[in-house]
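A short worksheet on the structure shown next.
Reminder, nothing fancy here: chain letters follow the sequence lines and each chain counts from 1.
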Amino acid sequence: MRVVTWNINSIRTRVDQVLGWAVANQADVLLLQETKCGDSDFPFAAFEAAGYEVAHHGVNHWNGVAIVSRVGLDNPVGGFDGHQREPFDEPRLLAATCGGVRMWSVYVPNGRELDDPHYLYKLVWLERLRSELALKGAVGQRSLVAGDFNVAPTDLDIYMPSRWKKRTHASPPERAAIDAIIDLGLRDVTREHLPGAGVYTWWNYRTDGFAKDQGLRLDLALCSPAVADATESVHVDRAARGLERPSDHAPLVLDINF
DNA sequence: ATGTCGTGGACGCCACGA
């Protein structure tokens with residue numbers, strides 16, 4: 001089973017590119033972030049015509065997450081459970097069961113600047129994600145929590161760590177929040193399979209970062225032991241970042257075989 | 001500090017978020 005997580009920065013702008021990529025690369029499941037549309041504007045028909053089922057959790061032109069699957073799509077749940085939903089009710093989390101694995105498509109708040117209230121929101125959101133995964137018993141079942149975490153877990157995940165010392169995405173509290181999620185018992189399978197430097201998933205549009213390979217590893221796939229043990233390979237498809245009018249993120253691809 | 005994208009409002013550019 002091939003599972004892909006990809007921040008696609010607007011599904012309406014890139015539906016042909018994303019779907020074309022999925023078909024060409026034989027993706028069984030796509031966990032998408034930043035669809036940037038409400039449910040009524042998602043191009044369901046195009047995916048369904050290609051044999052995929054779709055669950056989407058979106059409200060307006062901000063955020064938005066989706067799960068696309070051709071190996072079943074059961075029990076979709078958007079957002080945090082119950083009382084944990086408010087006031088953090090932006091569409092940034094969607095769960096569904098595909099191919100026997102409980103999957104979460106995750107879009108963590110950006111944080112903006114270290115002194116911005118949005119940064120605190122990011123930290124609280126990450127703690128709520130940890131709490132949600134604990135509540136749902138993610139570690140003890142076949143689980144895959146993947147998406148745009150907007151955090152580079154270590155300095156190995158940054159092209160030039162010194163440049164990010166005073167910026168979001170690399171600060172100690174953000175990394176501690178990621179570590180707390182991993183410490184539930186999940187495993188960062190990208191790191192396990194690709195232990196070296198230079199494994200990036202995002203390159204800045206503004207600085208022409210892709211041409212200079214100045215990237216960050218912001219997109220993570222955190223797996224329960226049952227799924228991590230079955231993960232045969234992990235790769236980033238950098239070619240997708242080089243397409244015409246690309247997203248600023250590349251797809252992260254997992255091949256899982258139970 | 002800057003850059004480039006995407007979106008929506010009331011445009012033919014500006015605001016905002018990334």
Side-chain angles (χ1 to χ4, degrees), chain A residues 5-21 30-44 46 56-66 87-94 105-126 129 146-153 157-160 162-171 173-175 177-178 200-220 236-252:
Chain A
T5 181
W6 194 2
N7 177 323
I8 43 106
N9 188 18
S10 166
I11 189 61
R12 286 174 291 176
T13 293
R14 257 174 284 286
V15 56
D16 292 341
Q17 184 181 120
V18 171
L19 185 53
W21 186 95
L30 297 171
L31 306 176
L32 303 177
Q33 300 86 38
E34 281 209 270
T35 58
K36 287 187 168 177
C37 67
D39 290 339
S40 60
D41 288 327
F42 191 94
F44 291 100
H56 181 247
H57 181 46
V59 175
N60 53 28
H61 63 104
W62 303 124
N63 316 304
V65 284
F88 303 106
D89 56 355
E90 293 178 328
R92 295 177 175 276
L93 185 67
L94 176 64
S105 180
V106 174
Y107 178 48
V108 175
N110 174 283
R112 300 179 189 166
E113 307 292 339
L114 293 177
D115 59 357
D116 191 301
H118 202 259
Y119 174 73
L120 297 177
Y121 166 48
K122 179 180 193 174
L123 296 179
V124 172
W125 198 94
L126 281 165
L129 177 61
D148 178 3
F149 282 76
N150 266 317
V151 179
D157 302 312
I158 304 179
Y159 65 95
M160 195 185 290
S162 60
R163 279 200 190 176
W164 290 79
K165 286 293 183 200
K166 294 179 177 171
R167 302 166 70 175
T168 56
H169 296 66
S171 70
E174 291 166 90
R175 287 175 168 175
I178 297 296
Y200 307 136
T201 64
W202 172 87
W203 297 262
N204 201 331
Y205 284 132
R206 286 179 276 188
T207 53
D208 201 13
F210 186 61
K212 295 180 268 191
D213 196 22
Q214 296 180 339
L216 303 179
R217 186 169 74 99
L218 302 180
D219 300 85
L220 309 179
V236 177
D237 184 31
R238 299 169 69 108
R241 181 61 178 79
L243 295 172
E244 191 99 8
R245 291 189 81 198
S247 166
D248 45 355
H249 293 252
L252 176 67

Would you give me the side-chain donor-acceptor pairs under 3.5 Å for residues 36-43 of chain A, sequence neighbours excluded?
| unit_1 | atom_1 | unit_2 | atom_2 | d |
| --- | --- | --- | --- | --- |
| A/K36 | NZ | A/N9 | OD1 | 2.8 |
| A/D39 | OD1 | A/H56 | ND1 | 2.7 |
| A/D39 | OD1 | A/G58 | N | 3.0 |

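- Spacing between B/dG6 and B/dA1 at atom C1', rounded to whole Å, works out to 22 Å.
- Straight-line distance between the P atoms of B/dC14 and B/dT2: roughly 16 Å, to the nearest whole Å.
- Rounded to whole Å, atom P of B/dT7 lies 18 Å from atom CG of A/N110.
- In summary, the side chains of A/T207 and A/Q214 do not present any donor paired with an acceptor at a separation below 3.5 Å, with no hydrogens or angles considered.
- For B/dT2, the OP1/OP2 oxygens have no side-chain nitrogen or oxygen of A/R163 closer than 4.0 Å.
- The interatomic distance linking A/I8 (CD1) with B/dC5 (C1') rounds to 14 Å, in whole Å.
- Atom CG in A/N9 sits roughly 12 Å away from atom P in B/dG8 (whole-Å rounding).
- The side chain of A/R245 contributes no N or O atom lying less than 4.0 Å from OP1 or OP2 of B/dT4.
- Picking from B/dG6, B/dT7, B/dA18 the nucleotide with the shortest atom distance to the side chain of A/R112 gives B/dA18.
- Comparing B/dC5, B/dG8, B/dC16 by their nearest atom to the side chain of A/Y205 picks out B/dC5.
- Aromatic ring pairs are classed by plane angle as parallel below 30°, tilted from 30° to 60° and perpendicular above 60°; the pair A/W202 and A/W164 is perpendicular.
- If you check every strand for non-hydrogen atoms under 4.0 Å, A/Y107 touches sugar and phosphate atoms only.
- Between the side chains of A/W21 and A/D237, at least one donor N or O lies within less than 3.5 Å of an accepting N or O.
- Remark: A/T13 is in phosphate contact with B/dT7, judged by side-chain N or O atoms under 4.0 Å from OP1 or OP2.
- Atom pair A/R206:CZ and B/dG17:C1' shows a separation of 9 Å (rounding to whole Å applied).
- For B/dT7, the OP1/OP2 oxygens have a side-chain nitrogen or oxygen of A/S10 closer than 4.0 Å.
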